[in-house]
Amino acid sequence: MIVINFLRSVLHLLFMAVTVVPWALAVVAAAPFLKPDQVYWMCARWLKLAVDGGTVILGIRNQVIGYENLPVGTTAPAVLLVKHQSLWETFSMAALMPHPLAFVFKKELLRVPFFGWAMARMDMIHIDRADGARAFVKVVQQGQRLLDRGTWVIMFPEGTRIDRGQKGVYKTGGTRLAIRTGAPVIPVAVTSAKCWPRKAFIKKPGVVEFSIGKPIPSAGRQADELMAEVEAWIEAEMRRLDPSAYPPEAAETAKV
């Protein structure tokens, strides 16, 4: 089975590499003549292609819980705070969400050949972490503009991919943005590491659950207190969705 999964993983990687080159070049060529949302959906279609390829080639299927918790309306704002275990949810969120998304990411990704070049044409929030406090000012300014337009901002509060069954440090950038812009926070738990472990080349077939929590109002809240609520919901939901990844004592602690 390991050999089969290895071959599937190689085939999916080749599939993405072969398809991203012409797609990215088409985005770069077309972007000057398109509106921002049109560029986004053009890129999102390749991400959906990569996810569909993952379903067909790798045997990874997505199951979404809580679609009804998403805001309704073309300009309804939202800051999505998502559990981060692998590259899979980065692709899948764009493929699954009904609204354009703006990821907050480090600008170094723009230098990735083809993929980064296409990302540079999208209306996203890329920051230089060396800028410190000025980077957050940029996040708020661009985030407000995007939210006003109906684009949802998505952030991974742990900042990096986390191993299955583990918890990172939840940083308050997402809740600070929500409070400054008045947008509600929507927590999302993801079990992608069951199939696509952090930094692993070999992927396994299975079901990845995306559980969307109810919107949490940000008005009148403190960033750390709001993030504590987001963290508590996501981590409790992770234990419900993937109980075998957590030792019994961790599950008991979560209940307390």
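Worth saying up front: this structure is predicted, and the values here are computed from it rather than measured. All heavy atoms count here, side chains included; hydrogens, waters and symmetry mates do not.
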Worked check of side-chain hydrogen bond (donor to acceptor under 3.5 Å, both in side chains) between Ser192 and Glu89:
CA-CA 7 Å; Ser192 56; Glu89 59 267 14; 2.5 Å; yes
Do Lys203 and Phe201 meet the cation-pi criteria used here (NZ or CZ under 6.0 Å from the six-membered ring centre, within 45° of the axis)?
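Checked: cation-pi criterion met.
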Are [Y] and [X] connected into the same hydrophobic cluster when the rule is that any two of I, L, V, M, F, W, Y join if their side-chain heavy atoms are below 4.5 Å apart?
| X | Y | result |
| --- | --- | --- |
| Trp196 | Ile4 | no |
| Val39 | Val112 | yes |
| Tyr170 | Phe105 | no |
| Phe156 | Val104 | no |
| Val190 | Leu80 | yes |

When you compare the side chain of [Y] with that of [X], does any pair of heavy atoms fall below 4.5 Å?
| X | Y | result |
| --- | --- | --- |
| Thr191 | Met238 | yes |
| Phe103 | Thr90 | yes |
| Gln63 | Phe210 | no |
| His126 | Leu110 | yes |
| Ile186 | Trp152 | no |
| Pro205 | Ile60 | no |
| Ile202 | Pro197 | no |
| Glu231 | Lys167 | yes |

Using side chain to side chain contact (heavy atoms under 4.5 Å, CB included), reason through Thr75 and Arg149 one step at a time and then give a plain yes or no.
CA-CA 6 Å; Thr75 59; Arg149 200 179 71 200; over 6 Å; no
Which atom of [X] lies closest to which atom of [Y], heavy atoms considered:
| X | Y | value |
| --- | --- | --- |
| Ala193 | Gln85 | N-OE1, 2.9 Å |
| Leu241 | Ile65 | CD2-CD1, 3.9 Å |
| Pro77 | Leu147 | CB-CD2, 4.1 Å |
| Val82 | Pro157 | O-CD, 3.4 Å |
| Ser218 | Ala183 | OG-O, 2.8 Å |
| Gly173 | Met155 | C-CE, 4.0 Å |

So how far is it from [X] [atom1] to [Y] [atom2], rounded to the nearest 0.5 Å?
| X | Y | atom1 | atom2 | value |
| --- | --- | --- | --- | --- |
| Ile125 | Lys107 | CD1 | NZ | 15.5 Å |
| Glu108 | Arg111 | CD | CZ | 5.5 Å |
| Arg180 | Thr175 | CZ | OG1 | 12.0 Å |
| Ile57 | His12 | CD1 | NE2 | 5.5 Å |
| Thr151 | Asp37 | OG1 | CG | 5.0 Å |
| Met124 | Ile154 | CE | CD1 | 9.0 Å |

Side-chain ([X]) to main-chain ([Y]) donor-acceptor, under 3.5 angstrom:
| X | Y | result |
| --- | --- | --- |
| Trp23 | Met42 | yes |
| Ser211 | Ala189 | no |
| His99 | Leu70 | no |
| Gln38 | Lys35 | yes |
| Arg198 | Arg161 | yes |

Any chance [atom1] of [X] has more than 12 other-residue heavy atoms, nucleotides or ligands included, within less than 6.0 Å?
| X | atom1 | answer |
| --- | --- | --- |
| Lys171 | NZ | yes |
| Arg61 | CZ | no |
| Phe6 | CZ | no |

Taking it one step at a time, do Arg145 and Asp123 satisfy side chain to side chain contact (heavy atoms under 4.5 Å, CB included)?
CA-CA 10 Å; Arg145 176 179 58 80; Asp123 197 358; 2.8 Å; yes
Would Leu177 and Gln144 satisfy side chain to side chain contact (heavy atoms under 4.5 Å, CB included), going step by step from the backbone distance to the final call?
CA-CA 8 Å; Leu177 171 64; Gln144 184 71 72; over 6 Å; no
is_close_aromatic(Trp46, Phe91), centroid dist under 6.0 Å
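Yes, they do, as the ring centres are separated by less than 6.0 Å.
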So, Lys83 and Glu237, do they make that salt bridge, N to O below 4.0 Å?
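Salt bridge absent between Lys83 and Glu237.
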Who are the side-chain hydrogen bond (donor to acceptor under 3.5 Å, both in side chains) partners of Lys214, not counting sequence neighbours?
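Expected list: none.
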Set out, in order, the CA-CA distance, both residues' side-chain angles and the distance that settles side chain to side chain contact (heavy atoms under 4.5 Å, CB included) for Tyr40 and Leu101, then state yes or no.
CA-CA 8 Å; Tyr40 172 84; Leu101 302 178; 3.7 Å; yes
Any side-chain donor paired with an acceptor under 3.5 Å for Asn62 and Ser92?
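Yes.
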